[in-house]
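I have placed the structure first, in the form of structure tokens, so that the comments after it can refer back to it.
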Number of protein chains: 2
Amino acid sequence: MKITSTEEYGLRCMLQVAMSKDHPLEIRTIAEAEGLSTAYVGKLLHILKKAGLVKSLRGPRGGYLLAQSPDQITMSRVTEALSRNPKDEEEVCRKFPGELSRCAHIKENCSLRSVWGNIYREIWRVLNNVTLEQILNHRIPALEPGTTLHVLNQPIAGKETDYGSA
Amino acid sequence: MKITSTEEYGLRCMLQVAMSKDHPLEIRTIAEAEGLSTAYVGKLLHILKKAGLVKSLRGPRGGYLLAQSPDQITMSRVTEALSRNPKDEEEVCRKFPGELSRCAHIKENCSLRSVWGNIYREIWRVLNNVTLEQILNHRIPALEPGTTLHVLNQPIAGKETDYGSA
DNA sequence: GTATATCATTACTAAATAGTAAAGATTAGT
DNA sequence: ACTAATCTTTACTATTTAGTAATGATATAC
């Protein structure tokens, strides 16, 4: 369960561009600020451009600008451009079917799916509620610290089994 | 932001072993149930054994058993054994420092860290609150659906900038 | 004590991701 | 037009992760 390098560094590049406001920001400048190679930053910005998140100007005084104002760009849009992540349990199962033609657990309505589903939905909700502007202004929404879990299904009585000591 | 194959398939193997209760479960049986190769299942179980989550019996009638009862094994312990994931923003920054000696954003108290930090803490909280027993019994805790975000910091007035149309 | 069934360990190959390199295309300024 | 500064594109290499293969070790049953 980890963010990819592309997501992390791509987002950082977006923030650099956002901080530059309406002054086109060059690859070289971003690369220096983030400690990355210009080739890598160029690649990341290219991805972001294809996704319509930044626009570019070529030639002298060229560089990158946000395609929209930072309060209209959510982290979910940026991360979606940078990597193809599952958003719910359906996609998780499709990604990990084993060698069987479909998820080995669908038949018994696997509970693992619910767990991953909860997690991905939560991630998605957070990313979807944070804009670049909020990040720039240090106004990051946080989860309510007291959020609690609740049980969805009814318990099924299980037989007791001896697990002794290893 | 994605779960790894090792996490997914490793967890499934744990669940198979858990379902088998006190009957040692062979690699071959798990492999068939999950549609994976015996070599791969063997590797995953070996990892889980080294982490103390399962115990093994060799020879005929051998196989794997849970090292503890399923209500004492959380998903967080299993996933931790299967992959080394960051648990908070500190670890994220350490993992992605760019080529600089430290995270390029620490100096300005980067807000990205807060976002990732929120996400990882949330993941951790969910995984930490789900046991194998809950999964087996389909008693999966879910986040409160109505959980809302709140803003941590004060707004900083930002200048208006023209983002025009691309 | 031999045969067989199981796990254990290591080394290898394959695939995905991360990151680099180099040559091409466009624009601004003169 | 020419030059230089910038992005563009493609192809390549390196690293990590996923998955396989083969040989070795141990326990059961007879």
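Atom set for the values below is all heavy atoms of this structure, side chains included, hydrogens, waters and symmetry mates excluded. Lettering follows sequence order; numbering is per chain, from 1. Note that the coordinates shown come from a computational prediction; the quantities given were computed from them, not determined experimentally.
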Q: Would you classify B/I27 as touching base, sugar-phosphate or nothing, given that sugar-phosphate means primed atoms plus P, OP1 and OP2, and contacts are heavy atoms under 4.0 Å?
A: sugar-phosphate
**Q.** Heavy-atom side-chain contact between B/Q16 and B/E34 under 4.5 Å
**A.** yes
Q) In whole angstroms, how far is the C1' atom of D/dG19 from the CD atom of B/E8? A) 16 Å
(Q) So if I take every side-chain heavy atom of A/Y9 and compare against D/dG19, D/dA27, C/dG19, which nucleotide ends up nearest? (A) C/dG19
(Q) In this structure, how many angstroms lie between the P atom of D/dT20 and the CZ atom of B/R28, rounded? (A) 18 Å
Q) What is the distance from CD1 of B/I47 to P of C/dC7, rounded to the nearest Å? A) 16 Å
Q. Between B/K55 (NZ) and C/dA8 (C1'), how many Å, whole number?
A. 19 Å
(Q) Can you tell me if B/S37 touches the phosphate of D/dT20, counting only side-chain N or O atoms and a distance under 4.0 Å to OP1 or OP2? (A) yes
Q) Do you know the tightest heavy-atom contact between A/G52 and A/A67? A) O-CB, 3.3 Å
Q: Calculate the interatomic distance between A/L57 atom CG and C/dA25 atom C1'; express it in whole Å.
A: 15 Å
Q: Could you tell me whether the phosphate oxygens of C/dA8, OP1 or OP2, come under 4.0 Å of any side-chain nitrogen or oxygen in B/K49?
A: yes
Q: Look at all strands and tell whether B/L45 reaches a base, only sugar-phosphate, or nothing, counting heavy atoms closer than 4.0 Å.
A: nothing
Q) If you check every side-chain atom of B/R58, which of C/dA18, C/dA8, C/dG29 has the closest atom? A) C/dA8
Q) OP1, OP2 of D/dC7 versus side-chain N and O of A/S56: anything below 4.0 Å? A) no
Q | Which nucleotide in C/dA18, D/dA27, D/dT8 has an atom nearest any side-chain atom of A/H46 | A | D/dT8
(Q) Taking 4.0 Å as the cut-off, does a side-chain nitrogen or oxygen of A/R61 come that near to OP1 or OP2 on D/dA5? (A) no
Q: Could you check whether B/G42 gets within reach of a base, just the sugar-phosphate, or nothing at all, counting any heavy atom under 4.0 Å?
A: nothing
Q) Between B/Y64 and C/dA8, does any side-chain N or O lie under 4.0 Å from OP1 or OP2? A) yes
Q: Hey, which sits more toward the 5' end of DNA chain C by its nearest nucleotide, B/K43 or B/G59?
A: B/G59
Q: Any chance you could measure A/I30, atom CD1, to A/E26, atom CD, to the nearest 0.5 Å?
A: 9.0 Å
Q | A/P60 side-chain proximity, nearest of C/dT4, C/dA28, C/dG19 | A | C/dA28
Q) Using a cut-off of 4.0 Å on non-hydrogen atoms, how would the nucleic acid contact of B/L25 be classed: base, sugar-phosphate, or nothing? A) sugar-phosphate
Q: Could you check how far CG of A/L44 sits from C1' of D/dT8, rounded to whole Å?
A: 14 Å
Q. Judged by modelled atom types alone, do B/E7 and B/T79 share a side-chain donor-acceptor pair under 3.5 Å?
A. no
Q | Proximal nucleotide (of D/dT17, C/dG19, D/dT8) relative to the A/S5 side chain | A | C/dG19
Q.
Of the listed nucleotides (C/dA18, D/dA18, D/dT20), which one gets closest to any side-chain atom of B/T4?
A. D/dA18
(Q) Can you see whether B/R77 engages B/Q68 through a side-chain donor-acceptor pair at a distance of less than 3.5 angstrom? (A) yes
**Q.** Protein-nucleotide distance (A/Y40, atom OH; D/dT13, atom C1'), rounded to Å
**A.** 15 Å
Q: Indicate whether the side chain of B/T6 and that of B/T4 have a donor and an acceptor atom separated by less than 3.5 Å.
A: no
Q. Given that A/K2 and A/G62 both sit by DNA chain D, which one's nearest nucleotide is further toward the 5' end?
A. A/G62
**Q.** Spacing between B/F96 atom CZ and C/dA18 atom P, to the nearest angstrom
**A.** 8 Å
